[in-house]
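All values derive from a computational prediction rather than experimental measurement. Here is the naming used below: chain letters follow the sequence lines, and residue numbers restart at 1 for every chain.
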Amino acid sequence: MWQITQQIFPYAVAFTIPLLITALGALYCERSGIVNIGLDGLMIVGSFSGGLSILLLQRAFGSSPWTIAVGLIVAMLIGGLFSLLHAFASINLQANQVISGTAINMMAGALTIFLARNITGSGNIRLPASLSKQNISILKDIPLVGPLLFRNTYATTWLVLLILAIFTFILYKTSFGLQLRACGEHPHAAAAAGIDVGRMRYIGVIISGAFAGLGGCIYLVTFSGEFNGSVAGFGFLALAALIFGQWKPLGILATTLFFGFASTVSNVSQVIPEFANIPLVFLKVFPYVVTLIALVIFSKSSQAPKAAGEPFDHAKR
Amino acid sequence: MNRKGLVSLIAVFLGLIAGAVFMLLTGHNPFIGFMFLFQGGTLTLERLGNTLATSTPLILTGLSVAFAFRTGLFNIGTPGQMLFGGFCATVVGLSSDLPSAVLVPLMVITGFLGGALFAAVPGILKAVFNVHEVVSSIMMNWIGYWIVYYTVKAYFTGNMETESRLLPNSATLRSPWLSNLFGGSYINLGLLVAILAVLIIAFILNQTTFGYELKSVGYNRHAAEYGGISVNKNIIFSMMIAGGLAGLAGVVQYAGNANNIQIGVMPTQGFDGIAVSLLGANTPIGSLLAALFFGLLYSGRGFMNAMTEIPPEIADTIIATIIYFAATSVLVERLLDKILKSRQATKKPLIDSAVQNTDNNNTNYGFMPPTEEEKENVPKGDE
């Protein structure tokens with residue numbers, strides 16, 4: 001069993017990381033009071049823009065690692081830019097946030113393939129070189145933990161964990177974080193205290209867009225290796241992880257890890273004797289069913305931001 | 001023409017302009033592109049029939065989303081319900097050899113029940129545990145996706161890995177008579193199912209007590225409850241009927257337009273239903289018209305792609321842009337208000353309106369922002 005765990009751990013982490021960063025962005029968005037159902041679309045946009053820039057850079061300069069770093073940054077920028085559409089609709093125009101998010105999803109899926117077809121002909125973008133796995137010296141020799149955490153890891157994993165630590169700190173320990181959370185809980189009180197609710201919500205949405213873009217690009221460079229107009233529903237899964245994790249950073253870390261393991265196990269179950277006898281369909285639906293059960297269990301004590309999904313209207317008090 | 005219809009038309013217009021801009025930016029001629037796009041869906045009787053057939057599942061998924069919307073529920077679970085309903089009907093069609101006249105109606109009913117069953121889960125979770133239906137529906141979509149995927153693979157696998165066995169012609173909605181009428185198009189009796197569904201749903205919503213109760217729950221849950229309407233019962237029923245309609249979309253897609261079920265893909269018609277409903281202002285007739293328009297775009301894109309270099313995904317891009325403009329219709333409405341007001345202002349003599357204004361409590365000089373009090377008095381558009 002230990003050996004199996006050791007073998008599937010890197011795959012589970014590779015699955016977890018794009019989910020985690022996307023869910024973290026969504027956490028900022030929803031904590032500021034805007035529901036973002038367009039995560040999937042924003043991930044697709046990040047995957048496309050990052051993938052395209054990596055492709056062009058690698059064609060011009062060869063496949064050195066910095067091309068991927070640039071791709072990740074481009075993905076963040078474009079993701080943040082694209083999320084402005086959602087921010088404008090839901091903050092300035094007080095539109096229905098779920099509908100606006102759905103429009104983002106549809107637009108991202110269609111527009112990126114449209115552009116990709118114009119550029120590559122087939123609509124797919126295949127990366128010449130993906131991100132390579134690395135062992136971290138010294139740490140990799142620690143017994144138990146070393147083989148699990150410090151061998152065969154991606155640099156992006158550590159980047160995302162670092163971002164998670166920083167943004168958890170910002171959310172709970174800075175006045176900015178407090179203000180952002182206030183906008184999601186009680187925007188009128190926040191406005192009365194002199195906080196610009198619209199500005200805070202813009203920041204929340206843009207962070208969400210940037211992180212979802214980053215997540216989409218990480219999905220591309222570590223997990224799929226090819227852009228084909230979708231991210232396999234990762235965005236929706238990230239949304240589920242956010243709710244399952246009860247809008248808390250450590251909660252989403254736990255739930256995304258759970259999703260990562262559950263999916264990896266279902267992918268490799270045929271070669272693991274303990275799981276080989278379970279019909280695949282049970283393993284595949286397992287994470288979703290568990291999420292449904294968790295939704296029921298948490299329904300009484302939901303920690304959802306109280307004002308999430310409600311347009312902020314000065315006149316409504 | 002009513003106001004909502006006008007707003008929808010403006011959204012369509014803006015979406016088409018956006019499509020033209022995308023064509024221009026990628027170095028294509030938008031006039032030629034649009035010409036082939038619309039010709040592709042209308043040029044011959046056969047193409048017209050195909051356009052109607054493409055629209056059929058969209059009518060039903062749009063109706064599904066619109067119906068749930070009227071009860072204040074956002075049914076984003078249409079892809080899963082459509083898949084599962086279509087799957088149930090396919091199973092019945094593949095495993096029984098009843099005469100066509102019995103089998104096909106049975107399949108339609110099974111499809112409806114399958115979709116309804118699938119949507120009952122988010123409905124019950126919402127009514128009993130107050131779980132948000134959007135999240136639970138998304139979970140149900142993936143649950144449906146995998147259940148159908150593995151069941152078809154295990155028991156009904158066809159020639160290809162990604163589809164089920166073919167349904168015999170007696171177990172589909174196809175009708176040689178209708179196909180011949182439209183020059184050999186794959187149009188089928190599903191269209192009649194869809195139109196019948198539109199009429200029935202319009203009747204339920206507008207003429208029955210049940211429909212009145214559903215709409216009351218949508219307008220204001222608490223007021224409805226105070227008025228003695230069982231909110232929970234209505235939420236569950238509304239979700240189930242919406243799911244059933246999406247299930248019917250599965251039947252007309254997999255046992256009408258196609259004759260087997262595709263696995264490994266979420267049916268795009270599901271999410272498109274949201275677009276259809278939104279553009280159709282959440283009314284049955286509006287959904288019908290919006291679905292016909294989207295069907296036209298979808299069925300013409302192949303022809304356009306064959307005649308020009310424009311990728312077929314331009315149709316999807318246009319639809320998504322229309323939805324964004326429909327979602328931000330507040331902007332359009334504000335603009336309309338301004339135009340209407342400035343027209344009225346120019347019609348009346350200046351002195352007259354000034355006198356009227358001083359008498360009127362609702363002072364609006366056109367150039368001043370409304371006061372807090374006035375803002376509250378502005379009637380909200382019906383949702």
Problem - Structural part of A:Asn92 lying under 4.5 Å from a heavy atom of chain B - result: backbone
Handout entry: chain B interface, residue from A:Phe88, A:Phe114, A:Phe286, A:Phe298 that has the most non-hydrogen pairs under 4.5 Å
Key = A:Phe114
Problem - Test log, rule side-chain contact (heavy atoms from CB on, under 4.5 Å), inputs B:Tyr145 and A:Val285 - result: CA-CA 9 Å; B:Tyr145 176 93; A:Val285 302; over 6 Å; no
Handout entry: Proximal component of B:Ile274, with respect to chain A [non-hydrogen, under 4.5 Å]
Key = side chain
Practice task
Would you mind checking which part of A:Ala294 comes under 4.5 Å of any heavy atom in chain B, side chain (CB onward), backbone (N, CA, C, O), both or neither?
Solution key: neither
Handout entry: Side-chain donor or acceptor of B:Tyr324 paired with backbone N/O of A:Leu85 under 3.5 Å
Key = yes
Fill in the blank from the handout: In this structure, CD1 of B:Ile76 is separated from CZ of A:Phe236 (nearest 0.5 Å) by 5.5 Å
Problem - Top contributor to chain B contacts, counting heavy-atom pairs under 4.5 Å, from A:Leu115, A:Val35, A:Ile113, A:Val296 - result: A:Val296
Exercise for the section: Apply the test side-chain contact (heavy atoms from CB on, under 4.5 Å) to residues A:Met106 and B:Thr321: give CA-CA distance (whole Å), side-chain angles for both, the deciding distance (0.1 Å), then the verdict. Expected result: CA-CA 9 Å; A:Met106 297 177 75; B:Thr321 319; over 6 Å; no
Fill in the blank from the handout: Cut-off 4.5 Å, heavy atoms of chain A, and the answer for B:Tyr149 is neither
Exercise for the section: Look up atom CG in A:Leu292 and atom CE in B:Met140, then write down how far apart they are to the nearest 0.5 Å. Expected result: 6.5 Å
Problem - Proximal component of A:Leu111, with respect to chain B [non-hydrogen, under 4.5 Å] - result: both
Problem - Heavy-atom proximity to chain B below 4.5 Å, by part of A:Leu237 - result: neither
Exercise for the section: Working to the nearest 0.5 Å, report the span between CG of B:Leu278 and CD1 of A:Ile99. Expected result: 4.5 Å
Completion exercise
Assert top hit (heavy-atom pairs under 4.5 Å, partner chain A, pool B:Asp316, B:Asn130, B:Ile314) equals B:Ile314
Problem - Flag side-chain contact, heavy atom, 4.5 Å: A:Met107 against B:Ile323 - result: no
Exercise for the section: Name the option with the most non-hydrogen atom pairs under 4.5 Å to chain B; the candidates are A:Val289, A:Leu93, A:Ile104. Expected result: A:Leu93
Handout entry: pair B:Phe129-A:Ile297: side-chain heavy atoms closer than 4.5 Å
Key = no
Problem - A:Gln94 CD: over 12 foreign heavy atoms closer than 6.0 Å - result: yes
Fill in the blank from the handout: Shortest non-hydrogen pair, B:Ala327 vs A:Ala95, comes out as O-CB, 3.2 Å
Practice task
Could you tell me which portion of B:Ile143 (side chain, backbone, both or neither) has an atom closer than 4.5 angstrom to a non-hydrogen atom of chain A?
Solution key: both
Problem - Atom of A:Ala110, atom of B:Thr317 and distance for their closest heavy-atom approach - result: CB-N, 3.4 Å
Problem - Interchain contact, B:Leu25 with chain A, by part (heavy-atom threshold 4.5 Å) - result: neither
Practice task
Might you confirm whether atom CZ of A:Phe282 has over 12 heavy atoms from other residues, nucleotides or ligands at distances under 6.0 Å?
Solution key: no
Exercise for the section: Go through the atoms of B:Met266 and report whether side chain, backbone, both or neither lie under 4.5 Å from a heavy atom of chain A. Expected result: neither
Handout entry: Side chains of A:Arg117 and B:Pro312 in contact at under 4.5 Å (non-hydrogen atoms)
Key = yes
Practice task
Drop me the distance from A:Ile293's CD1 to B:Leu125's CG, to the nearest 0.5 angstrom.
Solution key: 10.0 Å
Problem - Between A:Asn96, A:Val281, A:Ile37, A:Asn105, the one whose heavy-atom pairs under 4.5 Å with chain B are most numerous - result: A:Val281
Exercise for the section: Start with the C-alpha gap between B:His132 and A:Ile243, add the side-chain angles, then the distance that decides, and say whether side-chain contact (heavy atoms from CB on, under 4.5 Å) holds. Expected result: CA-CA 10 Å; B:His132 203 294; A:Ile243 295 162; over 6 Å; no
Problem - Contacting region of B:Ile318 [heavy-atom separation from chain A under 4.5 Å] - result: neither
Problem - B:Ile310, part contacting chain A, at a heavy-atom distance under 4.5 Å - result: side chain
Practice task
Measure A:Leu239 against the heavy atoms of chain B and call it side chain, backbone, both or neither at under 4.5 Å.
Solution key: side chain
Fill in the blank from the handout: Pair count under 4.5 Å, heavy atoms only, with chain A: among B:Pro311, B:Gly144, B:Ser136, highest is B:Pro311
